[in-house]
Amino acid sequence: MENVTGNAPREGGTTGPALHGGVVAGVVLALGIVAVLGLLSVKIVEELTDHAATSRDNVHWSLAQQEVEYLTLHQTILAALHAPSPDLGVLRRRFDIFYGRARMLTRGQMFDELAAEPANVDVLKGLNGAIAALVPRFDADDAALAAALPELEREVGQMRPLVRAFALTGVRHFAAVEDQRRTAFRKLLLATSLFAVVLLLILAALLVFSIRQNRELSRRGEALRIVSDRYAKAIDASLDAVIVADTEGRIVEFSPAAERTFGYRRADVLGQDVGELVVPPEGREAHRTAMARHGRIGSGTIIDRGRVLVEAMRADGGTFPAELSLATSDGPTGPMVVGYVRDITNRLASQRALTEARDKALAVAKAKSDFLAVMSHEMRTPLNGVLALLDLLGGTALDAKQREYLETATLSGEMLQRRVDDVLDITRIEAGRMRLRAAPFDVADLLQQVARVNTPAAEARGTRIKVRCDLAETAAVGDGERIAQVLLNLVANAVSFTAAGEITLDAQAGEGAGEVVFAVSDTGIGIAEDDRERIFEDFVTLDPSYSRAHSGYGLGLAICRRVVRALGGDIALESTPGVGSRFSFRIPLAFDAGAAALPSAAPSIAPLTEELRVLVVEDNETNRFAVREMLLHEGCEVVEAVDGLEGVEAAARERFDLILMDISMPRLDGIEATRRILGGDGLSRAAPVVGLTAQALPAEQERLREAGMVDCLIKPLRVHALRTLLAQLTGRDTALPPSDGSWLDGAVDPAIIDMSVLGELAELLPAAMLCDRLGTFRDELAALGPTLALPAARGDLPHVADIAHKTCGSAALFGAVQVQDILATLEEACREGEAEFVAPLIDELAVAVGATTEALNSLHEELTTSAPRLCASASRSR
Amino acid sequence: MALRFAAGLLGAAAAALALCLVVTPAAAESAATAGGDAADEAGAVILEVTGGVTGGSQAFTLRRLRSLPVTSVETSTIWTSGIIRFEGVALADLLAAVEARGSRLRAVALNDYAVEIPIDAAGLDGALIAYLADGRPMPVREMGPLWIVFPYDLSARYRSELIYSRSIWQLRRLTVED
């Protein structure tokens, strides 16, 4: 019974205790009854034994025999009375026998029982007294006995009623005793039977209970079987490998998926150590430790912690990345560890592919941005030269035809310049570096200006431009320049696509507070619905015939949308083909009646003295020299500092009208030096600082602005750019006729040396000095290969980068563009840690240095033989 | 239960054996010197053994009985009060002395009471032909002169109606029958 209840499944716990209690009570009761029955049985057996081992002789026979002995005695006396010579010996023997029996009846246990009844005692006493009275007669001699025979016969005869009464008394008594005894025994048997019946009932109840329990057990067993079956099927069907092991690490279950994943057969691995089979050798120590720790403290390292990444091993020894999830569970022989293993090789591969694709896309985007920045920079430089030359040409005597060509060429050049600037703009916006400058401006004025600029072009096509401003206030604060840029673009666009129509430029209040909606409407050809979104994308022009008919290069609207978004709004287009288009944008704008629109001069620049005092902070001697020469040429007074620290000291000591600051310098770089100068209390703390950098990228320029620089000049420094800057500072027209570098035309390959750069340098320097500098540069180039070899071989990338940077500056100064390019690339590669590019670049560099040196040699020769004019002018400027 | 019984039987058997083996010549001597009256009685035949015995019949005086190995038993009886020390000759010894050849024994008393005792281990077990009670010869009035007694106190098996019926007193004759 105990066993049955003990093995009952745990889920029976709700009813279990009650049933269990009932069973225990039943069992205890049954045991008690068995004990009672045992006692009763003992009693019965004792009773029966007592019955056999009776303490009584055959009572009835004894009592009857007493009477028989009496009668025999009496008869013997009678016979003796009538006999002539009586045998007195026989008579005495008969009396003795009678006496003996009577005596026996008054002793022994038989008497004890009889005497319990007072009435019997009297009968016994009477009988005994009578018998005792006879003794003297029999003990007398033969004569006396013979003589007394008649009296004896009478006396004995008189005893008869006594003897009879005694016998009957005994019969009565023993019948009663026997009856009592039988009754008691019957009761005993009855009690025993009752207990037996109760016991049977209890046993029957327990049997019924046991049967029910059994039925319940088999039902649960069946349920359990179904569940295990389901579990087993789940394991079999699982796509993840399922391995069950005990706490010793022996495999208990190995699913079909596990067979596929690991290449073992289930039958071969059961009972084996899981660590030896599926954990790669290098992970086994950790596996063992983890198992031991789990066994010891019951909570493991990664057990019940969700999914973890591990390295797993197949039957053939190959490993694969796997996702492992462990759980513990109770098994028949103690806790079990259930492991779910998923081979994630494919997933990791696709993740990697995705990551690579993303990185590639990002790199492409960055490359595009960089390319655009560099290209536009590269284009701007020669373009500047072209435009400058066209300007010069315009100052000469030209006939009408020539002048017309010149104007066309100038227009084309300017258009190209704008587009290059647009590309730079996009790059800048793309990089998130577009800087908005909030300044007071008048919205109505702005609209008028935009209209005015476009009016000549529009009138040429028979189109009228109307301006409407529906704002209550027109004095706003915001980046008017950017707004104007967008409006100019939109109006120019409208002009292009409208012939003999009308263009309306208007501004009105938006729905939200401080919101203004600017719109440009036209009555042009309109834009098809499919194209309305597309036209805002980069380099999108509508159908090819279009672009031929109308000059569109596909960046204008893209820039507009970027700028508007940067201003906090968005641009929208409504259009009906053949009827017209309406571009509008809604942006937040602050209005301030008190703020008067100021002329857009640079308000932060300190008042200028007549002769500008300029501090040049530049570590590269050649560069410093070039800048100094240019500044001297422009009539400035120049103080030089060789690094940031010196620059800061000079700026504190003296008052300058302008500080030109190189960025990359030893000891203290230009950014930090600028911060110190502007943040300190030196004499030049209010001086405008302009950066000198070879980097045209927006990120770099933004960095400089953040440091407090008002502007930056891109190296190589151009006379024109410097003049523009100085003109801004002084407000004077300092433009000088551009120099003439034609003397060097066609002397060298422009891919190796940019003669325009060198030409500017030649304009500034005395020929002797130029020769000298060129010589120095040549030496520098000659030393470059050996200088780079050692750190490159050692893999000391920072050192290589430093060398490349230094020489790159010199190369830029002398217009050695090929070497400059390679060095710039080399520097970047080193900074980015891309060691694999270093050796090829150095090889490439060696070739470029060879070509450049050759070109320099021929230049040098030409200078020393055919340019005395240069030398003269140079000495004069000194 | 059974165990208790078995233990009881074993103990009883052992005790009976011990008592049967207490054969004391001293007791025989003390009885022999019981005085003149006793000497007369000792000369009278008090027991006849007939049937399958040597010579067909043998008569025993008290003296002759006492010449046989003496066995004593101390026990109470249902017919007397108190513990009595009986001395006499074991029935088996007597039958051996007369070289009895038969399967049963018929015992007859003075009043012609008769009972049959099988001559086998069960029948002879504990049976003693007592001639002395507490060292004194037993007169007829006190169930004498010979009384077959059993060691009733020793075990319940000596307290059955069968044993009581074989406890014949005032014994006069034994007949060995086939």
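Every chain is numbered from 1, with letters handed out A, B, ... down the list of sequences. We use all heavy atoms of the structure for the numbers below, so side chains are in, but hydrogens, waters and symmetry mates are not.
Listed by chain and residue number, A:Leu88 satisfy the side-chain contact (heavy atoms from CB on, under 4.5 Å) test with A:Ala146 (two or more places apart in sequence, or in another chain).
Separating the CH2 atom in B:Trp169 from the CZ atom in A:Arg101 is a distance of 5.0 Å, to the nearest 0.5 Å.
Proximity to chain A is absent for every atom of B:Tyr152, based on heavy atoms less than 4.5 angstrom apart. With a 4.5 Å cut-off on non-hydrogen atoms, A:Phe95 touches chain B through its side chain but not through its backbone. Contact annotation for B:Glu142: both backbone and side-chain heavy atoms come within less than 4.5 Å of a heavy atom of chain A.
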Where do A:Gln65 and B:Tyr113 land on the side-chain contact (heavy atoms from CB on, under 4.5 Å) test, with the steps shown first? CA-CA 10 Å; A:Gln65 194 60 31; B:Tyr113 173 82; 5.9 Å; no
I would like to know whether B:Asn111 and A:Arg94 meet side-chain contact (heavy atoms from CB on, under 4.5 Å); could you show each step before the answer? CA-CA 8 Å; B:Asn111 67 345; A:Arg94 277 298 153 195; 3.8 Å; yes
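Within a 6.0 Å sphere centred on CZ of A:Arg137, other residues, nucleotides and ligands contribute more than 12 heavy atoms. Other residues, nucleotides and ligands contribute over 12 non-hydrogen atoms within 6.0 Å of the CG atom of B:Asp120. With a 6.0 Å radius and a threshold of 12 heavy atoms from other residues, nucleotides or ligands, B:Glu177 has its CD atom above the threshold. No more than 12 heavy atoms of other residues, nucleotides or ligands shown are found within 6.0 angstrom of CZ on A:Arg93.
Of all heavy-atom pairs spanning B:Arg141 and A:Asp96, the tightest one is NE-OD1, 2.7 Å.
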